[in-house]
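Step one of this worksheet: look at the structure below.
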Amino acid sequence: MIEAWQSQIKAAAAKGDKLAIVGSSASALPAVSTIDTRQHSGIVEYEPNELVIVVRCGTPLATVEKTMADAGQMLAFEPPYFGAESTIGGVVATGLSGPRRPYAGSVRDFVLGTKIIDGKGDHLSFGGKVMKNVAGFDVSRLITGSMGTLGVITEIAFKCLPLPKAQQTRVFDLNAADAIDKMNRWYGQAHPVTATTWVGGRLYVRLAGAAPAVKTAVEKLGGEALENDAAWWADWREQKHAFFAGETPLHRMSCKSTAPPLDDAEQAIDWGGAQRWIRAPLHDGAKARYWAKQFGGFATTQSAGSARQFSTEGLDPALLDVHAKIKASFDPYSVFPGLEKSPLLQAGEG
Amino acid sequence: MKAATLFEELAAILPPANFKFIEEEMRPYECDGLSMYRALPKCVVLPENEAQIADILRICHAHRVSVVARGAGTGLSGGAMPDPNSVLLSTAKMMRVLSVDPLACIAVVQPGVRNLAISETVAHHGLYYAPDPSSQIACSIGGNVAENSGGVHCLKYGLTIHNVRKLRVVLMTGDIVTIGGDGLDSPGYDLLALMIGSEGLLGIVTEVTVKLTPKPQLAVVAMASFATVEAAGAAVGDIIAAGVIPAGLEMMDRIATRAVEDFVHAGYDCEAAAILLCESDGTPEEVADEIARVSEVLRKAGATDIKVSKNEAERLRYWSGRKNAFPASGRISPDYYCMDGTIPRAQLPRVLNEIAVLSEKYGLRCANVFHAGDGNLHPLIMFDANVPGELQRAEDFGADILELCVEVGGTITGEHGVGIEKINQMCVQFSPKELTRMHDIKHAFDEHALLNPGKAVPTLHRCAEFGKMKVSQGKPMPFADLPRF
Ligand SMILES: Cc1cc2nc3c(=O)[nH]c(=O)nc-3n(C[C@H](O)[C@H](O)[C@H](O)COP(=O)(O)OP(=O)(O)OC[C@H]3O[C@@H](n4cnc5c(N)ncnc54)[C@H](O)[C@@H]3O)c2cc1C
């Protein structure tokens, strides 16, 4: 498969054609031909004792997670699926992390190595399959979340972590400001918190880890138990919760965890306070971006149940220049989508 | 009017005491922790703030003079080694913690701040900065960022890359940029991942926002003895297989335990072929539970003795031996050379056996200390630089170990960086095309290749001379792209 893709990319480069990289969802961008990542799938290597799994790009996320769960392990960044067929390559290309993000880390924190075919058709390998590796620039993490703009990710090695032995979610009736305060305070107190979300006037706190640690934390933090909490968190992660329903545009803000709540907004607070969701008309997008900037972050507007928006808004001009040069190195003939136009934006993740 | 010289321009923006060009004054900067590589720079500058750094870089850029950054100079790969044609920029005058936000669990610090000083500054909030290189009393956070440094607690708490949120960086042009943000992600490519571990090749870090971690209520370490190195290695895998991620998981062989025991009296079992240190932290209940589980696993794996620390003093004593393994080796040998390969852990018996064979071959002793949890080996090759030929033998021995690490699916460096030391082995680990992309990245940040020249990423020309170009499917890769620096 790799060789076929290499020829396809070289041919497109020679003709000046555009290629679309798709996983489980169709691309909305105009393209002459398509690379369907599902044609390169399967688990290459899995050594639970090494805490490493190596997978091909087209492997369904569900297969990866099931294989790991059977060995008592997980992808600790808790990637959303946004569709049952979602592929692991799509997860890495979009850089999507779920509710555990502030407590365990992001996709890139768990990527140990990637192989890619760049816009010249070269198959390159960066990073590796060991826990620590500082040989050369960390290109495999640069590629993570680059939305297919630098090449086709063909293979990824991840660090695995054990599944928690115990889990419980506690719910608290709180206003937004108090919820933000609690999220931050508890973060600084070494409780086994693995997710926090405030929505609809209630703060949801997921505790997970060794059974004795969870038990102690439940006693210390209080709150009410949430029945069937795994399903609640899955709905939240997949943006199937009622908050995400309806036609009103959705704005995402990434900001400092202690930023105050927005006044008068239909909002949800996530990731220990570092991710905020606002339902508001499109023209409020500018307001959201302004607000996020005040609190050290940035905002994007998107549709529910889809990938993170790729944005280069607000970057220093010197860094935009760096972006353009990196893009030109990996994709000199513009075979792949440009920086502002990833197909993944339009069509959910790959 | 005659154009101002480089020295005139630098002298105009720096206090006299912060600009050194006399040989005796520059001596202290001639090497980093890898002292076999030495050189004097053109001059040394000690800026006091970001604006001065931007001015220095702008001046050097205009004169096309290269710049080598230096933190505390504890690096072990020659990354901060000066270059006779370069300005050496030391961050030693930028040692302030700028702000601490205990609620958001972050601190903003200048690049020269010592790693341990961050934890000391925030200790009264019940917080600390998690990555703990053994050199933490001395090394700077700027150096940690440049090397993506780790420590004995990195298996659970991550490396520098997992604990840094935001950087302010001056590019070679003098442009000041912010990389990363106060949130958990930021727009565009993940340039933060690129900057961390970039060995001073992409920009000078002037401010670091670090994530702080709550101090665990309790930490306890179990110390187990094994009759063979293989059994100790297998026990590490068994602990992981039991679903435990210890706060620290370290191994030392007998040569190492004997060296440190004489030095720090840590209470190590010097008869054992290898010992394991396995730390558990968390709530008292959690720790008790985990230590019980780990002890059970260790016993089943054939531990001949297990000791569990009974109090904080004892825990620190057990660790003191591990943390002093390098200086202890310096006591039993005139010189030592520390390697840093990382391997898939299953390859440990093979790699240790081959190191023993190489040790015979080169006639040099080698102690092994090992971040066992994450597969990061630190063979310490002992030699005497005053014996003709020994230094060369030590370097050849080291190079063989690195190539062995690549051969078994690992990497030439886990945390010390490539620097000047492992530059040739980069040609073994990466293909010319992969190296070319790295040069392109360098070029994207630093068009004229003026930052830390000759380090970290070899030119293809150099690889060709080294004669160990990585081969792909048995065929040498084509050699078309031209080196840029
Ligand atoms: C006894 C001993 C034990 C050690 N233990 C460990 C360990 O456990 N784990 C580990 O990871 N390392 C360890 N090291 C290696 C070393 O301490 C680390 O690499 C450390 O991060 C270097 O920091 P430094 O401030 O001394 O940097 P330096 O040695 O001064 O510089 C290192 C590199 O960083 C660059 N640099 C420095 N400051 C900046 C800046 N502001 N901006 C851009 N680039 C910069 C330099 O150009 C150079 O390339 C050990 C070293 C010794 C001597």
Side-chain angles (χ1 to χ4, degrees), chain A residues 47-51 72 101-102 105-106 108-109 122 124-126 128-139 141-142 144-146 161-162 184-185 187-190 210 212-213 216 254-258 271 274 295-298 311-316 318-319 322-323 325-326 329-330, chain B residues 102-105 127 147-148 150 159 162 171 175 177-178 181-190 193-194 197-198 214 216 237 240-241 243 245 282-283 285-286 289-290 342-346 374-376 409-415 417-418 426 429-430 433-434 437-438 440-441 444-445 457:
Chain A
E47 293 291 340
N49 284 4
E50 297 279 340
L51 297 175
R101 161 68 184 98
S106 64
R108 72 96 140 124
D109 289 336
D122 291 333
L124 309 168
S125 172
F126 296 102
K129 49 175 189 175
V130 287
M131 293 296 142
K132 289 164 92 178
N133 189 351
V134 293
F137 300 131
D138 200 343
V139 182
R141 289 189 168 115
L142 171 75
T144 305
S146 65
L161 283 186
N184 280 284
R185 243 166 247 294
Y187 185 91
Q189 291 174 358
T216 317
S254 168
C255 61
K256 190 170 177 182
S257 61
T258 49
W271 282 10
F295 295 101
F298 71 110
S311 158
T312 50
E313 198 173 299
L315 284 179
D316 295 306
L319 289 186
V322 167
H323 274 74
K325 286 177 174 156
I326 292 175
S329 159
F330 282 84
Chain B
L103 187 59
C105 291
L127 300 169
E147 303 288 11
N148 189 16
L159 307 160
H162 305 111
L171 303 180
D175 287 314
V177 297
T178 301
D182 293 331
L184 294 176
D185 46 23
S186 43
Y189 293 146
D190 198 337
L194 213 47
S198 65
I240 304 283
I245 300 290
T283 62
E285 301 83 3
E286 196 181 359
D289 181 67
E290 193 167 285
T342 303
I343 55 169
R345 250 185 298 94
D374 31 37
N376 187 193
T411 177
I412 56 175
T413 173
E415 58 182 16
V418 174
M426 283 291 284
Q429 187 162 335
F430 293 99
K433 283 183 174 164
E434 288 151 3
R437 294 310 178 281
M438 290 190 200
D440 289 345
I441 289 169
F445 282 86
V457 186

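Just so it is clear: chains get the letters A, B, ... in the order the sequence lines come, proteins before strands, and each one is counted from 1.
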* **B:L103 portion near chain A, given a 4.5 angstrom heavy-atom threshold** => both
* Region of B:E147 that comes under 4.5 Å of a non-hydrogen atom in chain A -> backbone
Counting only non-hydrogen atoms closer than 4.5 Å, does [X] touch chain B with its backbone (N, CA, C, O), its side chain (CB onward), both, or neither?
| X | answer |
| --- | --- |
| A:L124 | both |
| A:P48 | backbone |
| A:S106 | neither |

* Asked: In chain order, what residues pass the ring pair (Phe, Tyr, Trp, His ring centres under 6.0 Å) check against A:H323, with sequence neighbours excluded?
  -> B:Y189
* Asked: Can you name the residues that form a ring pair (Phe, Tyr, Trp, His ring centres under 6.0 Å) with A:F126, not counting sequence neighbours?
  -> none
Any idea which heavy atoms bring [X] and [Y] closest together, and the distance?
| X | Y | answer |
| --- | --- | --- |
| A:S329 | B:D440 | OG-OD2, 2.6 Å |
| B:P187 | A:T312 | CB-CA, 4.1 Å |
| B:L171 | A:A318 | CD1-CB, 3.9 Å |
| B:C105 | A:G188 | SG-CA, 3.7 Å |
| B:T411 | A:A135 | OG1-CB, 3.7 Å |
| A:E50 | B:R345 | OE1-N, 2.6 Å |

* Asked: Going through the distances and angles, do B:D185 and A:R101 end up as a salt bridge (charged side-chain N to carboxylate O under 4.0 Å, His left out)?
  -> CA-CA 10 Å; B:D185 46 23; A:R101 161 68 184 98; over 6 Å; no
Picking from [options], which has the most non-hydrogen pairs under 4.5 angstrom with chain B?
| options | result |
| --- | --- |
| A:G297, A:G136, A:G128 | A:G136 |
| A:D122, A:L161, A:I326, A:L51 | A:D122 |
| A:R141, A:R108, A:K325 | A:R108 |
| A:S257, A:A274, A:A213 | A:A213 |
| A:V134, A:N49, A:T216 | A:V134 |

Donor-acceptor contact present, side-chain [X] to main-chain [Y], <3.5 Å:
| X | Y | answer |
| --- | --- | --- |
| A:D316 | B:T178 | yes |
| A:T258 | B:A104 | no |
| B:E434 | A:S125 | yes |

Nearest-0.5 Å distance, [atom1] of residue [X] to [atom2] of residue [Y]:
| X | Y | atom1 | atom2 | value |
| --- | --- | --- | --- | --- |
| B:T342 | A:M131 | OG1 | CE | 10.5 Å |
| A:F330 | B:I441 | CZ | CD1 | 4.5 Å |
| B:S186 | A:E313 | OG | CD | 13.5 Å |

For the interface with chain A, which of [options] has the highest count of heavy-atom pairs at distances below 4.5 Å?
| options | value |
| --- | --- |
| B:T413, B:I240, B:T283 | B:T413 |
| B:S198, B:G150, B:P214 | B:P214 |
| B:L194, B:N148, B:D190 | B:D190 |

* **A:V130 and B:P344, any side-chain heavy atoms less than 4.5 Å apart** => yes
* Could you walk me through whether A:N133 and B:Q429 pass the side-chain contact (heavy atoms from CB on, under 4.5 Å) test, one step at a time? => CA-CA 11 Å; A:N133 189 351; B:Q429 187 162 335; 4.0 Å; yes
